[in-house]
Protein chains: 2
Amino acid sequence: MATGRTHRPATRSRGIPEATVARLPLYLRALTALSERSVPTVSSEELAAAAGVNSAKLRKDFSYLGSYGTRGVGYDVEYLVYQISRELGLTQDWPVVIVGIGNLGAALAGYGGFASRGFRVAALIDADPAMTGKPVAGIPVQHSDDLEKIIAEDGVSIGVIATPAGVAQQVCDRLVAAGVTSILNFAPTVLSVPDGVDVRKVDLSIELQILAFHEQRKAGEEAGAEPGALPSAPAPYAATEGDAPARGGKGGGRKGPDGDAPAVMPA
Amino acid sequence: MATGRTHRPATRSRGIPEATVARLPLYLRALTALSERSVPTVSSEELAAAAGVNSAKLRKDFSYLGSYGTRGVGYDVEYLVYQISRELGLTQDWPVVIVGIGNLGAALAGYGGFASRGFRVAALIDADPAMTGKPVAGIPVQHSDDLEKIIAEDGVSIGVIATPAGVAQQVCDRLVAAGVTSILNFAPTVLSVPDGVDVRKVDLSIELQILAFHEQRKAGEEAGAEPGALPSAPAPYAATEGDAPARGGKGGGRKGPDGDAPAVMPA
DNA sequence: ATTTGTGAATATTTTCACAGCG
DNA sequence: CGCTGTGAAAATATTCACAAAT
(Lines give C-alpha, C1' and ligand atoms only; values in the text may rest on other atoms or scores of the structure.)
Protein backbone atom coordinates (compact mmCIF):
# COMPACT_ATOMS: atom_id res chain seq x y z
CA MET A 1 0.00 0.00 0.00
CA ALA A 2 2.93 2.23 0.43
CA THR A 3 6.07 0.30 -0.19
CA GLY A 4 7.82 0.76 -3.48
CA ARG A 5 7.00 -2.10 -5.76
CA THR A 6 6.33 -5.78 -5.80
CA HIS A 7 8.59 -6.85 -3.10
CA ARG A 8 7.32 -8.80 -0.17
CA PRO A 9 3.79 -10.14 0.26
CA ALA A 10 2.88 -6.81 1.83
CA THR A 11 1.39 -8.55 4.82
CA ARG A 12 4.56 -10.37 5.58
CA SER A 13 6.46 -10.67 8.82
CA ARG A 14 4.70 -12.49 11.62
CA GLY A 15 1.75 -11.83 9.42
CA ILE A 16 -0.51 -9.40 11.19
CA PRO A 17 -2.90 -8.36 8.41
CA GLU A 18 -2.65 -4.74 7.33
CA ALA A 19 -6.30 -4.21 8.08
CA THR A 20 -5.67 -5.30 11.63
CA VAL A 21 -2.62 -3.08 12.04
CA ALA A 22 -4.69 -0.14 10.90
CA ARG A 23 -7.19 -0.81 13.66
CA LEU A 24 -4.76 -1.32 16.51
CA PRO A 25 -4.38 2.41 17.14
CA LEU A 26 -8.13 2.62 17.42
CA TYR A 27 -8.24 -0.06 20.06
CA LEU A 28 -5.33 1.52 21.82
CA ARG A 29 -7.11 4.83 22.05
CA ALA A 30 -10.23 3.24 23.49
CA LEU A 31 -8.17 1.21 25.93
CA THR A 32 -6.20 4.24 27.06
CA ALA A 33 -9.43 6.02 27.85
CA LEU A 34 -10.59 3.05 29.90
CA SER A 35 -7.23 2.89 31.62
CA GLU A 36 -7.57 6.48 32.68
CA ARG A 37 -10.92 5.76 34.19
CA SER A 38 -9.22 2.88 35.99
CA VAL A 39 -11.45 0.30 34.40
CA PRO A 40 -9.69 -3.01 35.02
CA THR A 41 -11.21 -5.23 32.33
CA VAL A 42 -13.35 -5.02 29.22
CA SER A 43 -15.23 -7.50 27.16
CA SER A 44 -14.74 -7.61 23.42
CA GLU A 45 -18.26 -6.32 23.09
CA GLU A 46 -17.66 -3.21 25.19
CA LEU A 47 -14.30 -2.44 23.72
CA ALA A 48 -15.58 -2.94 20.21
CA ALA A 49 -18.37 -0.46 20.85
CA ALA A 50 -15.91 2.08 22.20
CA ALA A 51 -13.67 1.65 19.19
CA GLY A 52 -16.49 1.68 16.70
CA VAL A 53 -16.05 -1.80 15.25
CA ASN A 54 -17.86 -5.05 15.75
CA SER A 55 -16.80 -7.50 18.37
CA ALA A 56 -16.08 -10.46 16.12
CA LYS A 57 -13.62 -8.37 14.18
CA LEU A 58 -11.99 -7.15 17.33
CA ARG A 59 -11.53 -10.65 18.68
CA LYS A 60 -10.14 -11.82 15.39
CA ASP A 61 -7.75 -8.89 15.36
CA PHE A 62 -6.54 -9.66 18.87
CA SER A 63 -6.13 -13.30 18.00
CA TYR A 64 -3.31 -12.30 15.66
CA LEU A 65 -1.46 -10.78 18.58
CA GLY A 66 -1.87 -13.78 20.84
CA SER A 67 -4.30 -14.98 23.46
CA TYR A 68 -4.50 -11.96 25.68
CA GLY A 69 -8.01 -12.38 27.03
CA THR A 70 -9.66 -14.52 29.67
CA ARG A 71 -12.72 -16.47 28.68
CA GLY A 72 -15.77 -15.59 30.62
CA VAL A 73 -14.13 -12.39 31.79
CA GLY A 74 -12.66 -10.25 29.02
CA TYR A 75 -9.40 -8.43 28.55
CA ASP A 76 -7.20 -6.85 31.16
CA VAL A 77 -7.02 -3.21 30.13
CA GLU A 78 -3.48 -2.41 31.28
CA TYR A 79 -2.07 -5.58 29.91
CA LEU A 80 -3.67 -5.06 26.55
CA VAL A 81 -2.53 -1.43 26.38
CA TYR A 82 0.97 -2.67 26.88
CA GLN A 83 0.76 -5.46 24.34
CA ILE A 84 -0.71 -3.30 21.62
CA SER A 85 1.75 -0.50 22.32
CA ARG A 86 4.57 -2.93 22.02
CA GLU A 87 3.21 -4.43 18.83
CA LEU A 88 2.91 -0.98 17.31
CA GLY A 89 6.39 -0.08 18.41
CA LEU A 90 5.20 2.66 20.73
CA THR A 91 7.24 1.50 23.67
CA GLN A 92 10.20 3.12 22.05
CA ASP A 93 10.84 6.74 21.33
CA TRP A 94 10.27 7.94 17.79
CA PRO A 95 11.76 11.32 16.99
CA VAL A 96 9.78 12.97 14.21
CA VAL A 97 10.48 16.00 12.08
CA ILE A 98 7.73 18.13 10.62
CA VAL A 99 8.60 19.96 7.43
CA GLY A 100 6.48 22.92 6.41
CA ILE A 101 5.26 24.98 9.32
CA GLY A 102 2.14 26.66 8.03
CA ASN A 103 -1.20 26.35 9.74
CA LEU A 104 -1.23 22.63 9.20
CA GLY A 105 2.34 22.11 10.34
CA ALA A 106 1.62 24.21 13.41
CA ALA A 107 -1.49 22.19 14.13
CA LEU A 108 0.54 19.01 13.91
CA ALA A 109 3.29 20.41 16.09
CA GLY A 110 0.80 21.22 18.80
CA TYR A 111 -1.18 18.04 18.45
CA GLY A 112 -1.31 16.25 21.77
CA GLY A 113 -1.88 12.88 20.22
CA PHE A 114 1.72 12.71 19.08
CA ALA A 115 3.46 13.31 22.33
CA SER A 116 1.16 11.02 24.24
CA ARG A 117 2.24 8.07 22.14
CA GLY A 118 5.86 7.29 21.52
CA PHE A 119 6.28 10.27 19.24
CA ARG A 120 8.50 13.21 19.98
CA VAL A 121 8.65 16.23 17.74
CA ALA A 122 12.39 16.48 17.30
CA ALA A 123 12.32 19.45 15.00
CA LEU A 124 10.17 21.81 12.98
CA ILE A 125 11.60 22.75 9.64
CA ASP A 126 10.54 25.47 7.24
CA ALA A 127 12.06 27.01 4.16
CA ASP A 128 10.97 30.53 5.04
CA PRO A 129 13.87 32.41 6.68
CA ALA A 130 11.33 34.61 8.44
CA MET A 131 10.13 31.59 10.37
CA THR A 132 13.56 30.48 11.53
CA GLY A 133 13.90 30.71 15.26
CA LYS A 134 10.25 31.48 15.83
CA PRO A 135 8.81 29.10 18.39
CA VAL A 136 5.76 27.13 17.33
CA ALA A 137 4.10 25.04 19.99
CA GLY A 138 7.15 25.77 22.09
CA ILE A 139 9.63 24.46 19.56
CA PRO A 140 11.82 26.83 17.57
CA VAL A 141 11.53 26.48 13.82
CA GLN A 142 14.74 25.58 12.03
CA HIS A 143 15.69 26.43 8.51
CA SER A 144 15.50 23.76 5.85
CA ASP A 145 19.14 24.25 4.96
CA ASP A 146 19.89 22.28 8.09
CA LEU A 147 17.52 19.45 7.31
CA GLU A 148 20.18 16.84 6.74
CA LYS A 149 22.09 17.77 9.84
CA ILE A 150 19.00 17.71 12.03
CA ILE A 151 17.98 14.28 10.83
CA ALA A 152 21.40 12.83 11.29
CA GLU A 153 21.90 14.27 14.75
CA ASP A 154 18.57 13.18 16.15
CA GLY A 155 18.46 9.84 14.40
CA VAL A 156 15.11 10.69 12.89
CA SER A 157 13.48 7.97 10.85
CA ILE A 158 9.99 9.42 10.49
CA GLY A 159 9.23 12.60 8.61
CA VAL A 160 5.99 14.50 8.20
CA ILE A 161 5.54 16.60 5.08
CA ALA A 162 3.14 19.52 5.44
CA THR A 163 4.50 21.69 2.67
CA PRO A 164 2.75 22.91 -0.47
CA ALA A 165 2.39 20.19 -3.08
CA GLY A 166 4.90 21.82 -5.36
CA VAL A 167 7.87 21.16 -3.13
CA ALA A 168 6.74 17.94 -1.47
CA GLN A 169 8.70 15.63 -3.75
CA GLN A 170 11.95 17.47 -3.32
CA VAL A 171 11.49 17.64 0.43
CA CYS A 172 10.75 13.94 0.34
CA ASP A 173 13.90 13.24 -1.63
CA ARG A 174 16.01 15.12 0.85
CA LEU A 175 14.40 13.38 3.79
CA VAL A 176 15.00 9.99 2.25
CA ALA A 177 18.56 10.82 1.29
CA ALA A 178 19.18 11.93 4.85
CA GLY A 179 17.98 8.61 6.21
CA VAL A 180 14.25 8.91 6.82
CA THR A 181 12.46 5.67 6.02
CA SER A 182 8.84 6.50 6.88
CA ILE A 183 6.94 9.48 5.60
CA LEU A 184 3.54 10.87 6.45
CA ASN A 185 2.50 13.07 3.56
CA PHE A 186 -0.12 15.78 3.84
CA ALA A 187 0.64 17.38 0.52
CA PRO A 188 -1.75 16.42 -2.24
CA THR A 189 0.79 14.67 -4.43
CA VAL A 190 1.88 11.15 -5.08
CA LEU A 191 5.39 10.83 -3.74
CA SER A 192 7.79 8.44 -5.32
CA VAL A 193 10.27 6.85 -3.00
CA PRO A 194 12.80 4.08 -3.26
CA ASP A 195 11.99 0.61 -2.15
CA GLY A 196 12.06 0.16 1.58
CA VAL A 197 10.62 3.56 2.36
CA ASP A 198 7.01 3.69 3.56
CA VAL A 199 4.71 6.51 2.68
CA ARG A 200 1.28 7.12 4.09
CA LYS A 201 -0.78 10.01 2.86
CA VAL A 202 -3.53 12.03 4.38
CA ASP A 203 -5.44 13.99 1.82
CA LEU A 204 -8.04 16.27 3.25
CA SER A 205 -9.88 16.85 0.04
CA ILE A 206 -10.05 13.17 -0.86
CA GLU A 207 -12.02 12.47 2.26
CA LEU A 208 -14.47 15.21 1.41
CA GLN A 209 -14.87 13.86 -2.08
CA ILE A 210 -15.73 10.44 -0.75
CA LEU A 211 -18.33 12.03 1.48
CA ALA A 212 -19.74 13.93 -1.47
CA PHE A 213 -20.14 10.70 -3.34
CA HIS A 214 -22.26 9.21 -0.60
CA GLU A 215 -24.10 12.43 -0.02
CA GLN A 216 -25.06 12.54 -3.65
CA ARG A 217 -26.31 9.00 -3.42
CA LYS A 218 -28.53 9.87 -0.50
CA ALA A 219 -30.00 12.84 -2.34
CA GLY A 220 -30.71 10.77 -5.41
CA GLU A 221 -32.39 7.98 -3.49
CA GLU A 222 -34.55 9.97 -1.18
CA ALA A 223 -37.28 10.53 -3.74
CA GLY A 224 -36.75 8.93 -7.09
CA ALA A 225 -34.78 11.74 -8.67
CA GLU A 226 -33.40 15.20 -8.09
CA PRO A 227 -34.17 18.43 -9.93
CA GLY A 228 -30.86 19.46 -11.36
CA ALA A 229 -28.79 16.47 -10.39
CA LEU A 230 -28.42 13.24 -12.27
CA PRO A 231 -30.78 10.51 -11.16
CA SER A 232 -29.56 7.38 -9.49
CA ALA A 233 -28.20 5.17 -12.23
CA PRO A 234 -26.56 6.78 -15.25
CA ALA A 235 -26.54 3.46 -17.09
CA PRO A 236 -23.09 2.23 -18.03
CA TYR A 237 -21.90 2.74 -21.54
CA ALA A 238 -22.21 6.46 -21.92
CA ALA A 239 -25.91 7.02 -21.86
CA THR A 240 -25.36 10.45 -20.45
CA GLU A 241 -23.75 12.32 -23.28
CA GLY A 242 -25.20 15.68 -24.13
CA ASP A 243 -23.87 17.96 -21.48
CA ALA A 244 -20.59 16.16 -21.22
CA PRO A 245 -17.52 17.62 -22.88
CA ALA A 246 -17.89 16.02 -26.30
CA ARG A 247 -15.70 13.01 -26.06
CA GLY A 248 -12.42 13.43 -27.83
CA GLY A 249 -13.02 17.14 -28.15
CA LYS A 250 -9.42 18.17 -28.09
CA GLY A 251 -9.96 21.90 -28.38
CA GLY A 252 -9.92 24.43 -25.57
CA GLY A 253 -11.49 22.63 -22.68
CA ARG A 254 -12.95 24.53 -19.78
CA LYS A 255 -11.28 24.83 -16.39
CA GLY A 256 -10.22 28.20 -15.16
CA PRO A 257 -6.78 29.12 -13.88
CA ASP A 258 -7.73 27.50 -10.61
CA GLY A 259 -7.82 23.85 -11.51
CA ASP A 260 -6.07 22.17 -8.64
CA ALA A 261 -2.52 21.08 -9.05
CA PRO A 262 -0.38 23.64 -7.25
CA ALA A 263 -2.87 23.44 -4.38
CA VAL A 264 -2.49 26.39 -2.17
CA MET A 265 -2.06 24.50 1.08
CA PRO A 266 -0.56 26.58 3.83
CA ALA A 267 3.17 26.36 4.09
CA MET B 1 -17.91 1.74 6.73
CA ALA B 2 -19.57 4.66 8.33
CA THR B 3 -23.29 4.18 8.13
CA GLY B 4 -25.08 3.23 11.29
CA ARG B 5 -25.76 -0.46 11.40
CA THR B 6 -26.60 -3.38 9.24
CA HIS B 7 -28.77 -1.68 6.76
CA ARG B 8 -27.97 -1.92 3.14
CA PRO B 9 -25.26 -4.07 1.58
CA ALA B 10 -22.86 -1.17 2.18
CA THR B 11 -21.68 -1.29 -1.41
CA ARG B 12 -25.17 -0.93 -2.72
CA SER B 13 -26.55 1.44 -5.32
CA ARG B 14 -25.25 0.98 -8.83
CA GLY B 15 -22.62 -0.92 -6.97
CA ILE B 16 -19.36 0.92 -7.32
CA PRO B 17 -17.14 -0.80 -4.76
CA GLU B 18 -16.06 1.34 -1.84
CA ALA B 19 -12.43 0.65 -2.62
CA THR B 20 -12.98 2.08 -6.05
CA VAL B 21 -14.81 5.16 -4.79
CA ALA B 22 -11.89 5.84 -2.48
CA ARG B 23 -9.53 5.88 -5.45
CA LEU B 24 -11.58 8.05 -7.76
CA PRO B 25 -10.35 11.29 -6.17
CA LEU B 26 -6.83 10.08 -6.77
CA TYR B 27 -7.46 9.54 -10.44
CA LEU B 28 -9.24 12.83 -10.62
CA ARG B 29 -6.28 14.66 -9.23
CA ALA B 30 -3.90 13.03 -11.68
CA LEU B 31 -6.26 13.73 -14.56
CA THR B 32 -6.69 17.35 -13.58
CA ALA B 33 -2.94 17.79 -13.65
CA LEU B 34 -2.83 16.28 -17.14
CA SER B 35 -5.71 18.44 -18.21
CA GLU B 36 -3.83 21.53 -17.13
CA ARG B 37 -0.88 20.49 -19.22
CA SER B 38 -3.35 20.07 -22.08
CA VAL B 39 -2.56 16.40 -22.47
CA PRO B 40 -5.42 15.03 -24.59
CA THR B 41 -5.27 11.31 -23.79
CA VAL B 42 -3.63 8.89 -21.37
CA SER B 43 -3.19 5.17 -21.29
CA SER B 44 -4.16 3.22 -18.21
CA GLU B 45 -0.49 2.59 -17.66
CA GLU B 46 0.48 6.26 -17.60
CA LEU B 47 -2.45 7.37 -15.53
CA ALA B 48 -1.93 4.55 -13.08
CA ALA B 49 1.67 5.59 -12.59
CA ALA B 50 0.62 9.19 -11.99
CA ALA B 51 -1.96 8.13 -9.47
CA GLY B 52 0.30 5.65 -7.75
CA VAL B 53 -1.68 2.47 -8.41
CA ASN B 54 -1.28 -0.37 -10.86
CA SER B 55 -2.90 -0.30 -14.23
CA ALA B 56 -5.03 -3.41 -13.91
CA LYS B 57 -6.67 -1.95 -10.84
CA LEU B 58 -7.26 1.33 -12.58
CA ARG B 59 -8.89 -0.31 -15.56
CA LYS B 60 -11.06 -2.42 -13.31
CA ASP B 61 -12.06 0.69 -11.39
CA PHE B 62 -13.00 2.53 -14.54
CA SER B 63 -14.95 -0.44 -15.78
CA TYR B 64 -17.41 0.14 -12.95
CA LEU B 65 -18.10 3.61 -14.28
CA GLY B 66 -18.64 2.49 -17.84
CA SER B 67 -16.60 2.09 -20.99
CA TYR B 68 -14.92 5.44 -21.18
CA GLY B 69 -11.73 4.45 -22.94
CA THR B 70 -10.76 3.72 -26.50
CA ARG B 71 -8.94 0.48 -27.17
CA GLY B 72 -5.58 0.95 -28.69
CA VAL B 73 -5.59 4.59 -27.66
CA GLY B 74 -6.39 5.22 -24.02
CA TYR B 75 -8.68 7.61 -22.20
CA ASP B 76 -9.71 11.09 -23.21
CA VAL B 77 -8.55 13.25 -20.33
CA GLU B 78 -11.28 15.92 -20.39
CA TYR B 79 -14.01 13.39 -20.83
CA LEU B 80 -12.77 11.29 -17.96
CA VAL B 81 -12.37 14.30 -15.68
CA TYR B 82 -15.97 15.07 -16.32
CA GLN B 83 -17.24 11.56 -15.81
CA ILE B 84 -15.39 11.05 -12.56
CA SER B 85 -16.40 14.47 -11.27
CA ARG B 86 -19.98 13.67 -12.00
CA GLU B 87 -19.74 10.27 -10.38
CA LEU B 88 -18.29 11.82 -7.26
CA GLY B 89 -20.94 14.48 -7.21
CA LEU B 90 -18.46 17.28 -7.76
CA THR B 91 -20.40 18.88 -10.56
CA GLN B 92 -22.65 20.35 -7.95
CA ASP B 93 -21.87 22.84 -5.25
CA TRP B 94 -21.33 21.53 -1.74
CA PRO B 95 -21.45 24.13 0.98
CA VAL B 96 -19.34 23.01 3.92
CA VAL B 97 -19.05 24.32 7.45
CA ILE B 98 -15.90 23.96 9.49
CA VAL B 99 -16.37 23.87 13.23
CA GLY B 100 -13.40 24.59 15.45
CA ILE B 101 -11.10 27.25 14.06
CA GLY B 102 -7.76 26.51 15.66
CA ASN B 103 -4.63 25.89 13.65
CA LEU B 104 -6.17 22.88 12.03
CA GLY B 105 -9.45 24.56 11.24
CA ALA B 106 -7.58 27.50 9.80
CA ALA B 107 -5.46 25.18 7.69
CA LEU B 108 -8.59 23.55 6.37
CA ALA B 109 -10.25 26.88 5.70
CA GLY B 110 -7.32 27.97 3.60
CA TYR B 111 -6.85 24.67 1.87
CA GLY B 112 -7.00 25.18 -1.87
CA GLY B 113 -8.02 21.63 -2.56
CA PHE B 114 -11.51 22.30 -1.26
CA ALA B 115 -12.43 25.25 -3.37
CA SER B 116 -11.01 23.71 -6.50
CA ARG B 117 -13.44 20.82 -6.29
CA GLY B 118 -17.11 21.36 -5.74
CA PHE B 119 -16.60 22.44 -2.15
CA ARG B 120 -17.35 25.87 -0.85
CA VAL B 121 -16.57 26.89 2.69
CA ALA B 122 -19.93 28.31 3.67
CA ALA B 123 -18.97 29.18 7.21
CA LEU B 124 -16.34 28.93 9.90
CA ILE B 125 -17.70 28.33 13.36
CA ASP B 126 -15.97 28.54 16.70
CA ALA B 127 -17.13 28.58 20.29
CA ASP B 128 -14.63 31.18 21.39
CA PRO B 129 -16.30 34.61 21.45
CA ALA B 130 -12.91 36.20 20.91
CA MET B 131 -12.77 34.59 17.50
CA THR B 132 -16.16 35.79 16.37
CA GLY B 133 -15.90 38.16 13.46
CA LYS B 134 -12.21 37.58 12.96
CA PRO B 135 -11.53 36.71 9.35
CA VAL B 136 -9.67 33.46 8.75
CA ALA B 137 -8.65 32.75 5.18
CA GLY B 138 -10.85 35.65 4.24
CA ILE B 139 -13.95 34.29 5.91
CA PRO B 140 -15.25 35.80 9.14
CA VAL B 141 -15.61 33.33 11.99
CA GLN B 142 -19.12 32.97 13.37
CA HIS B 143 -20.10 32.00 16.84
CA SER B 144 -21.33 28.51 17.52
CA ASP B 145 -24.56 29.84 18.97
CA ASP B 146 -25.63 30.44 15.41
CA LEU B 147 -24.69 26.99 14.17
CA GLU B 148 -28.23 25.82 13.52
CA LYS B 149 -29.20 29.00 11.75
CA ILE B 150 -26.13 28.93 9.52
CA ILE B 151 -26.70 25.35 8.47
CA ALA B 152 -30.34 25.90 7.72
CA GLU B 153 -29.77 29.09 5.76
CA ASP B 154 -27.01 27.75 3.57
CA GLY B 155 -28.47 24.30 3.14
CA VAL B 156 -25.27 22.75 4.42
CA SER B 157 -25.14 18.98 4.38
CA ILE B 158 -21.43 18.44 5.02
CA GLY B 159 -19.72 19.42 8.24
CA VAL B 160 -16.07 19.29 9.23
CA ILE B 161 -15.23 18.89 12.89
CA ALA B 162 -11.84 20.26 13.93
CA THR B 163 -12.56 20.83 17.59
CA PRO B 164 -10.91 19.27 20.62
CA ALA B 165 -12.00 15.70 21.20
CA GLY B 166 -13.93 16.63 24.30
CA VAL B 167 -16.60 18.58 22.47
CA ALA B 168 -16.64 16.70 19.19
CA GLN B 169 -19.63 14.53 20.01
CA GLN B 170 -21.80 17.41 21.09
CA VAL B 171 -20.83 19.44 18.05
CA CYS B 172 -21.64 16.39 15.98
CA ASP B 173 -25.03 16.04 17.60
CA ARG B 174 -25.88 19.63 16.88
CA LEU B 175 -24.74 19.37 13.30
CA VAL B 176 -26.83 16.29 12.75
CA ALA B 177 -29.86 17.76 14.46
CA ALA B 178 -29.51 20.80 12.23
CA GLY B 179 -29.56 18.67 9.12
CA VAL B 180 -25.98 17.73 8.30
CA THR B 181 -25.74 14.21 6.92
CA SER B 182 -22.03 13.85 6.22
CA ILE B 183 -19.27 14.56 8.68
CA LEU B 184 -15.52 14.68 8.33
CA ASN B 185 -14.08 14.26 11.79
CA PHE B 186 -10.57 15.34 12.73
CA ALA B 187 -11.06 14.96 16.46
CA PRO B 188 -9.62 11.78 17.88
CA THR B 189 -12.91 10.30 19.02
CA VAL B 190 -15.39 7.81 17.74
CA LEU B 191 -18.53 9.73 16.90
CA SER B 192 -21.87 8.05 17.18
CA VAL B 193 -24.45 9.17 14.70
CA PRO B 194 -27.89 8.02 13.70
CA ASP B 195 -28.40 5.79 10.74
CA GLY B 196 -28.17 7.59 7.45
CA VAL B 197 -25.39 9.91 8.52
CA ASP B 198 -21.92 9.23 7.15
CA VAL B 199 -18.81 9.88 9.15
CA ARG B 200 -15.28 9.74 7.90
CA LYS B 201 -12.41 10.33 10.23
CA VAL B 202 -8.91 11.54 9.77
CA ASP B 203 -6.72 10.78 12.72
CA LEU B 204 -3.27 12.20 12.48
CA SER B 205 -1.76 10.10 15.18
CA ILE B 206 -3.21 6.86 13.86
CA GLU B 207 -1.30 7.29 10.65
CA LEU B 208 1.91 7.83 12.54
CA GLN B 209 1.28 4.74 14.62
CA ILE B 210 0.87 2.65 11.52
CA LEU B 211 4.15 4.01 10.23
CA ALA B 212 5.81 3.20 13.53
CA PHE B 213 4.65 -0.37 13.22
CA HIS B 214 6.31 -0.77 9.87
CA GLU B 215 9.34 1.17 10.95
CA GLN B 216 9.81 -1.17 13.87
CA ARG B 217 9.54 -4.11 11.53
CA LYS B 218 12.29 -2.74 9.34
CA ALA B 219 14.56 -2.21 12.30
CA GLY B 220 13.97 -5.70 13.57
CA GLU B 221 14.62 -7.33 10.21
CA GLU B 222 17.67 -5.49 9.17
CA ALA B 223 19.99 -7.61 11.30
CA GLY B 224 18.36 -10.46 13.14
CA ALA B 225 17.46 -8.55 16.27
CA GLU B 226 17.67 -5.22 17.97
CA PRO B 227 19.49 -4.24 21.15
CA GLY B 228 16.74 -2.96 23.37
CA ALA B 229 13.75 -3.73 21.22
CA LEU B 230 11.88 -6.97 20.99
CA PRO B 231 12.98 -9.28 18.21
CA SER B 232 10.76 -10.16 15.31
CA ALA B 233 8.35 -12.79 16.56
CA PRO B 234 7.10 -12.64 20.13
CA ALA B 235 5.47 -16.06 19.81
CA PRO B 236 1.73 -16.08 20.34
CA TYR B 237 0.38 -17.11 23.68
CA ALA B 238 2.09 -14.71 26.00
CA ALA B 239 5.68 -15.75 25.77
CA THR B 240 6.75 -12.24 26.53
CA GLU B 241 5.75 -11.77 30.12
CA GLY B 242 8.38 -10.44 32.42
CA ASP B 243 8.54 -6.76 31.71
CA ALA B 244 4.88 -6.52 30.92
CA PRO B 245 2.47 -5.10 33.49
CA ALA B 246 1.71 -8.30 35.38
CA ARG B 247 -1.44 -9.51 33.77
CA GLY B 248 -4.48 -8.89 35.86
CA GLY B 249 -2.49 -6.67 38.17
CA LYS B 250 -5.36 -4.50 39.24
CA GLY B 251 -3.41 -2.18 41.50
CA GLY B 252 -2.06 1.24 40.62
CA GLY B 253 -0.91 0.87 37.06
CA ARG B 254 1.53 3.30 35.55
CA LYS B 255 0.54 6.05 33.16
CA GLY B 256 1.14 9.61 34.07
CA PRO B 257 -1.38 12.43 33.93
CA ASP B 258 -0.71 12.66 30.25
CA GLY B 259 -2.25 9.49 28.91
CA ASP B 260 -4.13 10.61 25.87
CA ALA B 261 -7.85 10.97 25.97
CA PRO B 262 -8.56 14.67 26.31
CA ALA B 263 -6.08 15.16 23.48
CA VAL B 264 -4.99 18.72 23.33
CA MET B 265 -5.69 19.33 19.67
CA PRO B 266 -5.87 22.96 18.73
CA ALA B 267 -9.30 24.46 18.91
C1' DA C 1 -23.10 -18.46 32.79
C1' DT C 2 -20.04 -15.77 30.07
C1' DT C 3 -16.99 -14.53 26.89
C1' DT C 4 -12.85 -15.71 24.35
C1' DG C 5 -10.49 -17.78 20.31
C1' DT C 6 -10.95 -19.58 15.92
C1' DG C 7 -12.19 -22.72 12.04
C1' DA C 8 -15.25 -22.31 8.24
C1' DA C 9 -18.27 -19.56 5.30
C1' DT C 10 -18.87 -15.27 2.93
C1' DA C 11 -17.74 -11.03 1.00
C1' DT C 12 -14.62 -7.88 -0.96
C1' DT C 13 -10.50 -6.52 -3.34
C1' DT C 14 -6.63 -7.31 -6.16
C1' DT C 15 -4.28 -9.43 -9.76
C1' DC C 16 -3.84 -12.22 -13.92
C1' DA C 17 -4.23 -12.91 -18.55
C1' DC C 18 -6.32 -12.55 -22.76
C1' DA C 19 -10.28 -11.88 -26.01
C1' DG C 20 -11.88 -8.16 -28.59
C1' DC C 21 -11.94 -3.66 -30.51
C1' DG C 22 -10.16 0.43 -32.79
C1' DC D 1 -0.31 -3.72 -33.13
C1' DG D 2 -1.69 -1.53 -28.73
C1' DC D 3 -4.56 -0.94 -25.12
C1' DT D 4 -9.05 -1.43 -23.05
C1' DG D 5 -12.51 -4.18 -20.68
C1' DT D 6 -13.43 -8.10 -18.07
C1' DG D 7 -14.10 -12.99 -16.75
C1' DA D 8 -11.76 -16.04 -13.71
C1' DA D 9 -8.26 -16.93 -10.11
C1' DA D 10 -5.97 -15.55 -6.02
C1' DA D 11 -5.48 -12.97 -2.03
C1' DT D 12 -7.55 -10.34 1.84
C1' DA D 13 -10.90 -9.13 4.94
C1' DT D 14 -15.23 -9.75 7.48
C1' DT D 15 -18.70 -12.30 9.67
C1' DC D 16 -20.76 -16.44 11.57
C1' DA D 17 -21.28 -19.62 14.96
C1' DC D 18 -19.69 -22.62 18.37
C1' DA D 19 -16.36 -25.44 21.05
C1' DA D 20 -13.37 -24.52 24.81
C1' DA D 21 -12.07 -22.26 28.93
C1' DT D 22 -12.87 -20.08 33.27
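Numbered from 1 within each chain, the chains take letters A, B, ... in sequence-line order.
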Query raised in the report: So, is A/Ser44 close to the C/dT3 phosphate, meaning a side-chain N or O under 4.0 Å from OP1 or OP2?
Result: no
Report task. Provide, to the nearest angstrom, the distance between the CD1 atom belonging to B/Ile16 and the P atom belonging to D/dG5. Result -> 14 Å
Query raised in the report: Do side-chain atoms of A/Thr70 reach the backbone of A/Val73 as a donor and acceptor pair under 3.5 angstrom?
Result: no
Query raised in the report: Atom OH of A/Tyr27 to atom P of C/dT4: distance rounded to whole Å?
Result: 13 Å
Report summary line: With the side chain defined as heavy atoms from C-beta on, B/Ser63 is closest, among D/dT6, C/dG5, D/dA13, to D/dT6
Short heteroatom pairs, N/O only, protein and nucleotides 20-22 of chain C, under 3.5 Å:
{"unit_1": "C/dG20", "atom_1": "N3", "unit_2": "B/Arg71", "atom_2": "NH1", "d": "3.3"}

Report summary line: Taken to the nearest whole Å, CG/A/Leu65 to C1'/C/dT6 is 14 Å
Report task. Indicate whether the side chain of B/Asp61 and that of B/Thr20 have a donor and an acceptor atom separated by less than 3.5 Å. Result -> yes
Query - Phosphate OP1/OP2 of C/dG5 contacted by A/Tyr75 side-chain N/O (<4.0 Å) - result: yes
**Report entry** Closest-nucleotide ordering on DNA chain D, the 5'-leading residue of A/Asp61 and B/Lys60
**Finding:** B/Lys60
Query raised in the report: Nearest to the side chain of A/Asn54 - C/dT3, D/dT15, D/dC3?
Result: D/dT15
Query raised in the report: So, A/Gln169 versus A/Thr189: side-chain donor-acceptor pair below 3.5 Å or not?
Result: no
Query raised in the report: Just how far, in rounded Å, is C1' of C/dT13 from CD of A/Glu18?
Result: 14 Å
Report summary line: To the nearest angstrom, the CD-C1' distance between A/Glu45 and D/dC16 comes to 14 Å
**Report entry** Out of C/dC16, D/dT4, D/dC18, whichever nucleotide has its closest atom nearest the side chain of A/Arg59
**Finding:** D/dC18
Query raised in the report: Do you know which of A/Tyr27, A/Tyr75, A/Tyr79 makes ring pair (Phe, Tyr, Trp, His ring centres under 6.0 Å) with A/Tyr68?
Result: A/Tyr79
Query raised in the report: Rounding to a whole Å, what distance do you find between A/Tyr68:OH and C/dT6:P?
Result: 12 Å
Query raised in the report: For A/Arg23 and D/dT12, what is the distance between atoms CZ and C1' respectively, to the nearest whole Å?
Result: 11 Å
Requested in this report: Starting at atom NZ of B/Lys57, determine the distance to atom C1' of D/dG5, rounded to an integer number of angstrom.
Outcome: 17 Å
Query raised in the report: With respect to the side chain of B/Tyr64, which nucleotide from D/dT14, C/dT3, C/dT14 is positioned closest?
Result: C/dT14
Requested in this report: Determine the contact category for B/Phe62: base if any of its heavy atoms lies under 4.0 Å from a base atom, sugar-phosphate if only primed atoms, P, OP1 or OP2 are that close, otherwise nothing.
Outcome: nothing
Report task. Examine distances only and state if a side-chain atom of B/Lys218 and a backbone atom of A/Thr181 form a donor-acceptor pair shorter than 3.5 Å. Result -> yes
Query raised in the report: For B/Arg59 and B/Ser44, does a side-chain donor sit closer than 3.5 Å to a side-chain acceptor?
Result: yes
Query raised in the report: Side-chain donor-acceptor pair under 3.5 Å between B/Ser205 and B/Gln209, yes or no?
Result: yes
Query - Closest to side chain of A/Ala19, choosing from D/dA13, C/dT13, C/dT6 - result: D/dA13
